[in-house]
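Below: the structure, in structure tokens.
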Amino acid sequence: MLIKKLIKKSKFQVMKESMKGRIRGYLWKSKEFIEKSKLSLKCQKECQLIISLFKSKLNNNDYFSHYFDRTSQKEDRLCDNRGWFSCQGAFNKKFCKMSHTINPYSSKDSRVLFSTWNLDHKVEKSREFLPQSVKAIKECPPGKQVNVNYFYSLLFTSENLKLVDIRCHAKERHSTELVDKEKTYI
């Protein structure tokens with residue numbers, strides 16, 4: 001154990017672990033929300049299965065650690081090859097009007113400051129995604145099943161996540177971005 005503490009992590013490892021931690025947090029919050037929801041035994045089992053599928057998919061995707069890895073393929077990362085990240089603007093904007101940028105690879109202070117940047121869900125996790133996913137499980141019609149891939153993409157992928165400087169993070173309700181009812185079931 002002492003040897004592990006003495007091994008210094010590289011910037012790449014720190015950044016990848018930072019991304020993994022954020023994604024694990026989304027998984028944990030989802031699991032916690034489901035556990036607090038009043039569900040029938042059947043729905044609880046379905047939720048547990050979906051969480052298990054999420055975990056498996058996340059393991060296969062290395063918890064999206066490539067988003068913060070400047071050595072990943074260009075289309076897989078959220079930074080340039082030197083480690084510069086650009087704010088993508090509030091959920092309801094196409095880009096950041098202030099052009100906020102940061103390079104957490106440059107120094108420890110920059111990495112600390114980068115921890116204040118958020119991965120903002122366009123379709124909000126707490127107000128929209130979680131309640132709608134539980135509702136979808138409760139109300140799943142006969143012969144259908146919950147579209148796990150759709151809900152997975154909303155919770156964990158850059159299809160629904162925007163990297164946002166805290167100064168651009170809009171805290172109001174994302175009323176324009178909702179779960180697409182047409183994609184809820186397959």
Side-chain angles (χ1 to χ4, degrees), residues 18-61 63-68 76 78 85-98 100 114-186:
S18 170
M19 184 61 216
K20 286 180 177 184
R22 292 178 190 218
I23 295 294
R24 281 188 189 103
Y26 301 151
L27 182 66
W28 180 80
K29 289 279 187 193
S30 300
K31 188 176 177 184
E32 185 180 69
F33 182 88
I34 289 166
E35 288 170 353
K36 288 180 180 178
S37 299
K38 292 180 173 133
L39 300 171
S40 68
L41 187 59
K42 181 183 176 189
C43 287
Q44 286 176 17
K45 287 183 179 185
E46 183 68 20
C47 287
Q48 289 170 353
L49 175 64
I50 290 171
I51 292 293
S52 177
L53 290 170
F54 282 178
K55 281 183 185 178
S56 177
K57 289 172 75 71
L58 287 170
N59 279 325
N60 290 339
N61 288 305
Y63 286 80
F64 294 97
S65 65
H66 57 271
Y67 285 164
F68 287 1
D76 293 339
L78 298 176
F85 290 83
S86 296
C87 176
Q88 296 174 328
F91 76 93
N92 56 353
K93 306 289 183 208
K94 290 194 186 258
F95 56 89
C96 170
K97 292 183 179 182
M98 303 301 285
H100 297 120
F114 184 67
S115 70
T116 67
W117 284 47
N118 298 300
L119 283 167
D120 189 19
H121 288 86
K122 291 181 269 186
V123 174
E124 285 181 287
K125 177 177 49 80
S126 299
R127 291 184 184 138
E128 177 69 10
F129 170 82
L130 291 171
Q132 291 302 320
S133 60
V134 168
K135 183 179 179 186
I137 292 165
K138 283 182 179 178
E139 299 175 2
C140 188
K144 296 276 188 180
Q145 60 186 33
V146 173
N147 187 345
V148 174
N149 290 331
Y150 173 64
F151 283 105
Y152 177 85
S153 72
L154 288 180
L155 188 56
F156 303 114
T157 72
S158 59
E159 290 176 42
N160 190 46
L161 294 172
K162 289 182 85 173
L163 184 64
V164 182
D165 182 299
I166 196 163
R167 295 168 288 186
C168 287
H169 191 176
K171 296 290 187 182
E172 76 262 11
R173 185 171 186 80
H174 299 193
S175 58
T176 58
E177 302 289 336
L178 304 172
V179 169
D180 184 344
K181 305 288 191 237
E182 299 294 318
K183 296 179 181 178
T184 302
Y185 303 109
I186 52 173

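No hydrogens, no waters, no symmetry mates; every other heavy atom, side chains included, goes into these values. Because the structure is predicted, anything quoted here is derived from the model rather than measured.
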(request) Could you check Asp165 against Cys96 for side-chain contact (heavy atoms from CB on, under 4.5 Å), going step by step and ending with a plain yes or no? (result) CA-CA 9 Å; Asp165 182 299; Cys96 170; over 6 Å; no
(message) Closer than 3.5 angstrom, by distance alone: can the side chain of Lys135 be matched with the main-chain N or O of Leu130 as a donor-acceptor pair?
(response) no
(request) Could you grab the distance from atom OG1 of Thr116 to atom NE2 of His169, nearest 0.5 Å is fine? (result) 11.5 Å
(message) Just verifying a value: how many Å separate Asn118 CG and Lys171 NZ, rounded to the nearest 0.5 Å?
(response) 5.5 Å
(message) Do Lys45 and Leu41 have side chains that approach each other closer than 4.5 Å (heavy atoms only, starting at C-beta)?
(response) yes
(message) As an exercise, state the distance from SG of Cys168 to CE of Met98, rounded to the nearest 0.5 Å.
(response) 7.5 Å
(message) Restricting to non-hydrogen atoms, name the atom on Cys87 and the atom on Val164 that form the minimum distance, rounded to 0.1 Å.
(response) SG-CA, 3.9 Å
(request) Check whether any side-chain heavy atom of Lys31 lies under 4.5 Å from a side-chain heavy atom of Leu27, and answer yes or no. (result) no
(request) Taking atom NZ of Lys181 as the centre, report whether more than 12 heavy atoms of other residues, nucleotides or ligands fall under 6.0 Å from it. (result) yes
(request) Measure from the side-chain N and O atoms of Glu128 to the backbone N and O of Val179, and report whether any donor-acceptor pair falls under 3.5 Å. (result) yes
(message) Once rounded to the nearest 0.5 Å, what's the spacing between atom NZ of Lys20 and atom CZ of Arg24?
(response) 6.0 Å
(request) May I ask you to test the Ser126-Phe33 pair for a side-chain heavy-atom distance under 4.5 Å? (result) no
(message) Between Asn147 and Lys183 (side chain of the first, backbone of the second, donor and acceptor by atom type, cut-off under 3.5 Å), is there such a pair?
(response) yes
(message) I need the Phe91 CZ to Thr176 OG1 distance, nearest 0.5 Å.
(response) 5.0 Å
(request) Apply side-chain contact (heavy atoms from CB on, under 4.5 Å) to the pair Leu119 and Met19, showing each step before the final yes or no. (result) CA-CA 10 Å; Leu119 283 167; Met19 184 61 216; 3.4 Å; yes
(message) What verdict does the side-chain contact (heavy atoms from CB on, under 4.5 Å) test give for Ile50 and Glu46, after you've listed the backbone C-alpha separation in whole Å, the side-chain angles of each residue and the deciding distance to 0.1 Å?
(response) CA-CA 6 Å; Ile50 290 171; Glu46 183 68 20; 4.0 Å; yes
(request) For the pair Trp117 and Phe114, name the ring-plane relationship: parallel under 30°, tilted 30 to 60°, perpendicular over 60°. (result) tilted
(message) Could you report the tightest heavy-atom contact between Tyr67 and Asp76, atom names first, then the distance?
(response) CD2-O, 3.3 Å
(message) With a 6.0 Å cut-off on the ring centroids, do His121 and Tyr26 count as close?
(response) yes
(request) I would like to know whether Glu172 and Asn92 meet side-chain contact (heavy atoms from CB on, under 4.5 Å); could you show each step before the answer? (result) CA-CA 11 Å; Glu172 76 262 11; Asn92 56 353; 3.9 Å; yes
Throw together a table of side-chain donor-acceptor distances under 3.5 angstrom for residues 151-161, partners on residues two or more places apart or in other chains.
unit_1 : atom_1 : unit_2 : atom_2 : d
Tyr152 : OH     : Lys57  : O      : 3.4
Tyr152 : OH     : Asn61  : ND2    : 2.9
Ser153 : OG     : Tyr150 : O      : 2.7
Thr157 : OG1    : Ser153 : O      : 2.7
Thr157 : OG1    : Glu159 : N      : 3.3
Asn160 : OD1    : Lys122 : N      : 3.4
Asn160 : OD1    : Val123 : N      : 2.8
Asn160 : ND2    : Val123 : O      : 3.2
Asn160 : ND2    : Leu154 : O      : 2.6

(message) So which atom in His174 and which in Glu124 form the shortest heavy-atom distance, rounded to 0.1 Å?
(response) N-OE1, 2.9 Å
(request) Using side-chain contact (heavy atoms from CB on, under 4.5 Å) as the criterion, list what pairs up with Lys144, not counting sequence neighbours. (result) Cys140, Pro141, Tyr185
(request) Kindly compute the distance separating CD (Gln132) from CG (Leu178), expressed to the nearest 0.5 Å. (result) 8.0 Å
(request) With Cys43 as reference, evaluate Lys38, Lys138, Gln48 under the side-chain contact (heavy atoms from CB on, under 4.5 Å) test and give the passing residue. (result) Lys138
